[in-house]
Number of protein chains: 4
Amino acid sequence: MIIVMRHSSTDEEIQAVVDRLDERGFGAHVSRGAERTVIGAIGAQEAEKAALADSLKRLPGVEQVVPILKPYKIVSRESHPEAGRVRFGSAEIGGPKVAMIAGPCTIENREMLLETAQAVKAAGASVLRGGAFKPRTSPYDFQGLGEEGLQYLAEAREATGLPILTEARDVQHIEPVARIADAIQIGARNMQNYEVLRAAGQSGKPVLLKRNFSATVEEWLKAAEYIAASGNLDIVLCERGIRTFESAMRNTLDLSAVYVAKRETYLPVVVDPSHATGDFRAVPPMALAAIAAGADGLLIEVHPNPVEALCDGPQQLTPKRFEGLMDEVRKVAEAVGREA
Amino acid sequence: MIIVMRHSSTDEEIQAVVDRLDERGFGAHVSRGAERTVIGAIGAQEAEKAALADSLKRLPGVEQVVPILKPYKIVSRESHPEAGRVRFGSAEIGGPKVAMIAGPCTIENREMLLETAQAVKAAGASVLRGGAFKPRTSPYDFQGLGEEGLQYLAEAREATGLPILTEARDVQHIEPVARIADAIQIGARNMQNYEVLRAAGQSGKPVLLKRNFSATVEEWLKAAEYIAASGNLDIVLCERGIRTFESAMRNTLDLSAVYVAKRETYLPVVVDPSHATGDFRAVPPMALAAIAAGADGLLIEVHPNPVEALCDGPQQLTPKRFEGLMDEVRKVAEAVGREA
Amino acid sequence: MIIVMRHSSTDEEIQAVVDRLDERGFGAHVSRGAERTVIGAIGAQEAEKAALADSLKRLPGVEQVVPILKPYKIVSRESHPEAGRVRFGSAEIGGPKVAMIAGPCTIENREMLLETAQAVKAAGASVLRGGAFKPRTSPYDFQGLGEEGLQYLAEAREATGLPILTEARDVQHIEPVARIADAIQIGARNMQNYEVLRAAGQSGKPVLLKRNFSATVEEWLKAAEYIAASGNLDIVLCERGIRTFESAMRNTLDLSAVYVAKRETYLPVVVDPSHATGDFRAVPPMALAAIAAGADGLLIEVHPNPVEALCDGPQQLTPKRFEGLMDEVRKVAEAVGREA
Amino acid sequence: MIIVMRHSSTDEEIQAVVDRLDERGFGAHVSRGAERTVIGAIGAQEAEKAALADSLKRLPGVEQVVPILKPYKIVSRESHPEAGRVRFGSAEIGGPKVAMIAGPCTIENREMLLETAQAVKAAGASVLRGGAFKPRTSPYDFQGLGEEGLQYLAEAREATGLPILTEARDVQHIEPVARIADAIQIGARNMQNYEVLRAAGQSGKPVLLKRNFSATVEEWLKAAEYIAASGNLDIVLCERGIRTFESAMRNTLDLSAVYVAKRETYLPVVVDPSHATGDFRAVPPMALAAIAAGADGLLIEVHPNPVEALCDGPQQLTPKRFEGLMDEVRKVAEAVGREA
């Protein structure tokens, strides 16, 4: 942490900063320049620094407080120079094989889930996804099958051999999801729900952490750090589009975030083009772009009959289109030295 | 809802849209123009329209589906032409008197809360605010006093006569908060947490609903509609800044949202310049601007010793500065035909 | 254009809208629903519609005016269902071969330009780019070699056979650039400079139109329409990143814009990952992602010695890295059924 | 400028940074911490720092380069601790009196300009504005009266005594505008057009500099610095809304920018609520908010018959509404210790 003093700051003001640092267990390194005096905080308890920075910003004569260290350490490349691999049951994310995680937005009933599971398995998917708990954005909307849906997922796994990923939307969902699923999804809206992050971190199951549509990459990685600090290093990041001024698609898919997240951390990164675009026609080009950008896998929504889907119809692929996409993904994966 | 067909759409495609509308209980009004055929959906079950729109978007030949009605009705000005007033205990929000809601970010202990409560009461505040449940954005951060904090709030109310507002951060907090506080705050992060909205809607206590920093005004009003649909019309909206490319302040305070929210709904609107700016020096000008823009009140963070605050130190006012702000607020309130 | 009347609108207000439409040469189609009366404007002079919409918005009782037609027609897929191809001299953009447009940010001197031209030619580039006119963002910055730079470009073309693309930054630059270059670049800052668009449209040379970093795709396509309406259909679009809240990279590369622009228009679309990211390390993954997303080419900044570059050093590739990128681009291009 | 080295940086890499600084005339102050080595660049040629920073970013082992000084100096409060006042003819901006700059978007003809000028003068405006040169966003749009419009402005000044402000949209407009008008407006689209900035800086007339709708406050102040560096200190800043994800109004008026610009510089700041909102109904509350936030004046579009306006009809006030607004502005100005 570096404290930049105002041009007009006095010796007393500079000393007050040094004293405050000392009081909190930090050394101070004062460097007086022609235009600004700069104070470097040295050493000690990283964990206290955010509160300390806040406190320093209130002191007279302080112009700005510049953090030098990134707000994530356990998940950083600095700590783990090698790219990591995470297992969702029998599937590996982060290895040479690109992971295809596919399934319906919502589990509407037993039949549609089994039908979709068989179809995506046949096409080459490696993980089955499906929503059991759904938010009700309107009092009239379908809210998911809950625990019943989890049972259908378990059946679908039995029938196809595909490991299953499903979302825990609340801290109470963590336990049932962790009991049945191979991996827990934390949705974009919960990316900074610290109770959910902690519970997922203590669940013993791998976690897929979606980026919130208005979170910076740094905030996203800080959320991953929170899970890691709770004892769980099996984390997969998932980019799903951010909110910008552009409204041609539902969100703006930020593929440079894949690059940044993989440069900064050892965690595998997958991409969800279905939610990013909200339009099944745009899913294939964005899926291929994600693989070319270095993503370790894709989350693709697949529904046997999207026109009748209870949620997110416009973005779900038919099983047939998903099969076509798999062929294209294989070619691009090979072109970048991977397989699918 | 209006369905715009592509230039190249066929008669069969147009008929398929009409059939689908009929199937869902809507009439169809087809208007064939030189450039586009446009189909108006007439009548019936509004509640089904979002799912219907999704379904229509998948049909061949459909270019776009344009909603005509706003996604909020109960809280709209159309339903309630008069501006509404909401009571937080003895305080009224939305009347001629501008409501000053003040207090610390977090209740750190009994003494600091009582001291702050006395100070803001003396300066002219009408409601006391203070956080009992706090998110832990780092495993090392202070997480609030919980139910103990609620007790201190009740004591402070007893001591000062000020009604109290505090945040429920989770569905489990709604019951204890509703039991003790005069009004329940739903924070920006929970603006689209439908379980929390519903529980607040059923709590019997008035609700202050903060706008999420990446929510459109329409989404914010839709969240208010959700609370209203759960049976609670005593809702106060709170603008607290949005995330944009500008980073000079923590967020960009969107005062035109005050205008839009008051034009579209009957709900009172207050503004939180403390969170919007993150800087105590910017709080007074933004507070005055909010009043001039038509806000019905302000949420101001006040702390007896901000340099030592456990959270949000940089944005909290000292009691003395709050007193100075009250004087300025009174003058601007009078200038726009109100009082404070 | 559809005019939605307020719930409370009167018959007189509705009639006033119909009269205004009639006065401007439009028919009106009034549809009275339970919740809203909707008026469709029929026929006639598209060109007048923006002014007409503005005028209608002021009339009492009007809630909103919804455009039905896109603000571009000449460049639309509707008018040209086939994807177009544009020639920059000997190079074709939009055909099966992905176009690699490479060269330095700025022409610093004759030698560096010739050296770079030879290197990118050897690596397989199809067009040479280089800036002759540069903005001076500070009074102390290098401002480009101007006409002298254009001469060096002509020499480099002679030496390598590569067609040349360079930017006209002002309406006065159009004539000299059009005289020498094979194609005129319109930079992001000039995307809505209508004098420059018109002059480029009348220049007789093909145009590469960069998207402004805060322009919607619709505004970008409208700018292309302006060039086309000035008589020039040889337009190539270039996506180069948009400004969002995310600051990990210089801009957020919006690859879904490639999809949207190609769906909406017949124009070829290329991508500039150098400006989008501002970081040479991020250029290769974003370049490959662009090709996988369907881009018809890339704009890549290459400099013989980026550490000493007079501008944009951090984002320029060395010739050696560019050569490596070409190999990767070839593989991904083939994977998506193209070549490079 | 501070250079932060990677955790893994070697002594050779650190030395290479020190050498590069030395080569460019800077001293280096190396501070080795437990987690990072930090190098402070000391002294000398500020002007070279941007290029130097770019060059340092390419050196191996460098993690980030952190600027310490603001990119504006001449216009900074540090250089001019007192708030400045700028004269537009007989009007003063930045003094106790809030400046009301009013007039039509475009000068449509002599009569309408004179009528509007008389009306705004009678209501209490201090400066007359009106557009002579207009951008043609469509080949069919009205493009302004050009020099003829300037003559009408001069006539209106003669008739009313109001000083006149009008926009130069291109470097060629600077001379005719400077010859006739009392102050030159640089529009949002030209905020970073350095030729226009320089020409305005050398024109000898005061300049009103609008913020681009996607510029940060820092970029805006840097543009003002460019004018100042060209020899002109008579600059007035104008906030007119920024582009965000929110689309309820045309732009998001950023009133905290008024606070930041006045804290950072000595320049007066005015606000244009007409362009920010695009809706005459929203102009009054945003105008009052601007004054309460500390703005030194307002730019208000006024048209005798907005329904028939050739441009921006929805946002222009009638003279009668402007008169009503003046009354309200006076009250709020007094409430914050000013007059109008």
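Each chain gets a letter, A, B and so on, in the order its sequence line appears, and its residues count up from 1. The figures that follow rest on heavy atoms only: side chains count, while hydrogens, waters and symmetry mates do not.
Counting heavy-atom pairs under 4.5 Å between each of D:Thr216, D:Val332, D:Thr277 and chain B puts D:Thr216 at the top. No other option in B:Val217, B:Val258, B:Leu253 has as many heavy-atom pairs under 4.5 Å with chain D as B:Val217. Top candidate by heavy-atom pairs under 4.5 Å with chain D, chosen from B:Ala257, B:Ala248, B:Pro273, B:Ala282, is B:Ala282.
Between D:Ala292 and B:Ala292, the closest heavy-atom pair is CB-CB, 3.7 Å. The minimum heavy-atom distance between D:Met286 and B:Ala293, with the atom names listed, is CE-CB, 3.9 Å. Nearest heavy-atom pair across B:Phe245 and D:Arg243 is CE2-O, 3.5 Å.
Only the backbone of D:Ala215 comes within less than 4.5 Å of a heavy atom in chain B; its side chain stays farther off. In this structure, chain B has heavy atoms under 4.5 Å from both the backbone and the side chain of D:Arg281.
The closest side-chain heavy-atom distance from B:Thr244 to D:Thr252 is not below 4.5 Å. Side-chain contact between D:Val260 and B:Glu246 is absent, with no heavy atoms from C-beta onward closer than 4.5 Å.
Judged by distance alone, with hydrogens and angles left aside, the side-chain atoms of B:Glu328 form no donor-acceptor pair with the main-chain N or O of D:Val336 at under 3.5 Å.
Between the CG atom of D:Asp254 and the CE atom of B:Met249 there is a distance of 9.5 Å, given to the nearest 0.5 Å.
For CZ of B:Arg321, the number of neighbouring non-hydrogen atoms (other residues, nucleotides, ligands) closer than 6.0 Å is 12 at most.
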